[in-house]
Amino acid sequence: MKDHEKYLPELTIESCLIECTSAKLAYFSLEQINMCYCGRDETGFQKYGNSSNCVIPCAGNTNQTCGGQFAIDVYKIELKQCPELNPPLNGNVHQRGDKAWFDCLDGYRLRGSKIIHCNRTTFEWTIPASPICYNTFENRSAQHSKGSCELT
């Protein structure tokens with residue numbers, strides 16, 4: 001479970017949650033009044049089960065507990081994400097983590113933001129305007145001149 005640990009002099013459940021969410025880890029635990037531990041999984045903790053020994057108050061909020069003798073408060077983080085995006089007509093969208101980027105099929109050009117980011121507070125995409133893929137020939141016209149046809 002200890003993929004990341006940090007001493008937080010004013011430890012609270014919320015401060016440890018923020019620390020471990022920033023580290024992009026799924027579990028966090030509080031111990032020894034001011035120690036925050038983060039991990040990818042709860043390996044090692046599920047075998048011990050619930051404990052009534054988590055009675056030591058947290059340094060930053062005495063109404064919360066930060067473990068106890070041979071006991072650790074363990075929490076699972078519900079990682080929120082921005083919703084899946086729909087690709088523009090004649091284009092693609094690629095999402096990874098906090099970022100999404102758009103591209104268009106051959107013969108089309110992107111108009112709008114190529115890359116957008118997820119707001120980690122509201123879990124909404126920062127899209128100034130929905131990107132579109134337009135046909136690169138749509139603004140051209142054909143003209144006939146002395147037996148030949150040209151695109152202008």
S.K.: Which residues satisfy the side chain to side chain contact (heavy atoms under 4.5 Å, CB included) test with Leu17, sequence neighbours excluded?
M.R.: Thr21, Phe28, Ile77
S.K.: Within the structure provided, determine whether Cys118 and Trp125 are in side-chain contact (heavy-atom separation under 4.5 Å).
M.R.: yes
S.K.: State which residues pass side chain to side chain contact (heavy atoms under 4.5 Å, CB included) with Cys54; sequence neighbours excluded, sorted by chain then number.
M.R.: Thr65, Ala71, Asp73
S.K.: Is any side-chain heavy atom of Tyr27 closer than 4.5 Å to a side-chain heavy atom of Arg40?
M.R.: no
S.K.: Only counting residues at least two apart or in another chain, list the ones meeting ring pair (Phe, Tyr, Trp, His ring centres under 6.0 Å) with His117.
M.R.: none
S.K.: Do Asn135 and Asn90 have side chains that get closer than 4.5 Å, going by heavy atoms?
M.R.: no
S.K.: Among Ile, Leu, Val, Met, Phe, Trp and Tyr joined by side-chain contacts under 4.5 Å, find the other residues sharing a cluster with Ile56 and list them by chain and number.
M.R.: Ile33
S.K.: So Leu85 and Ile116, side-chain contact (heavy atoms from CB on, under 4.5 Å) or not? Walk me through it.
M.R.: CA-CA 11 Å; Leu85 293 165; Ile116 60 172; 3.6 Å; yes
S.K.: Look at the SG atom of Cys66 and the SG atom of Cys58, then say if they are under 2.5 Å from each other.
M.R.: yes
S.K.: Any ring-ring contact (aromatic ring centres under 6.0 Å, His included) involving residues 85-109? Give me the pairs, sequence neighbours left out, ordered by first then second residue.
M.R.: His94-Trp101
S.K.: Determine, step by step, whether His4 and Leu25 satisfy the side-chain contact (heavy atoms from CB on, under 4.5 Å) criterion, reporting the C-alpha distance in whole Å, the side-chain angles of both residues, the deciding distance to 0.1 Å, and the verdict.
M.R.: CA-CA 9 Å; His4 177 77; Leu25 295 167; 3.8 Å; yes
S.K.: If you measure SG to SG, does Cys133 sit under 2.5 Å from Cys104?
M.R.: yes
S.K.: What residues form a salt bridge (charged side-chain N to carboxylate O under 4.0 Å, His left out) with Asp103, not counting sequence neighbours?
M.R.: none
S.K.: For Glu19, give me all partners under salt bridge (charged side-chain N to carboxylate O under 4.0 Å, His left out), at least two apart in sequence or on another chain.
M.R.: Lys6
S.K.: Under the salt bridge (charged side-chain N to carboxylate O under 4.0 Å, His left out) definition, can you give me all pairs with a residue in residues 52-63, not counting sequence neighbours?
M.R.: none
S.K.: Among all residues two or more places apart in sequence or in another chain, which pass the side chain to side chain contact (heavy atoms under 4.5 Å, CB included) test with Ser15?
M.R.: Leu8, Leu11, Thr12
S.K.: Go through the structure and list residues passing salt bridge (charged side-chain N to carboxylate O under 4.0 Å, His left out) with Lys99, not counting sequence neighbours.
M.R.: none
S.K.: If the condition is side chain to side chain contact (heavy atoms under 4.5 Å, CB included), which residues does Ile18 pass it with, not counting sequence neighbours?
M.R.: Ser22
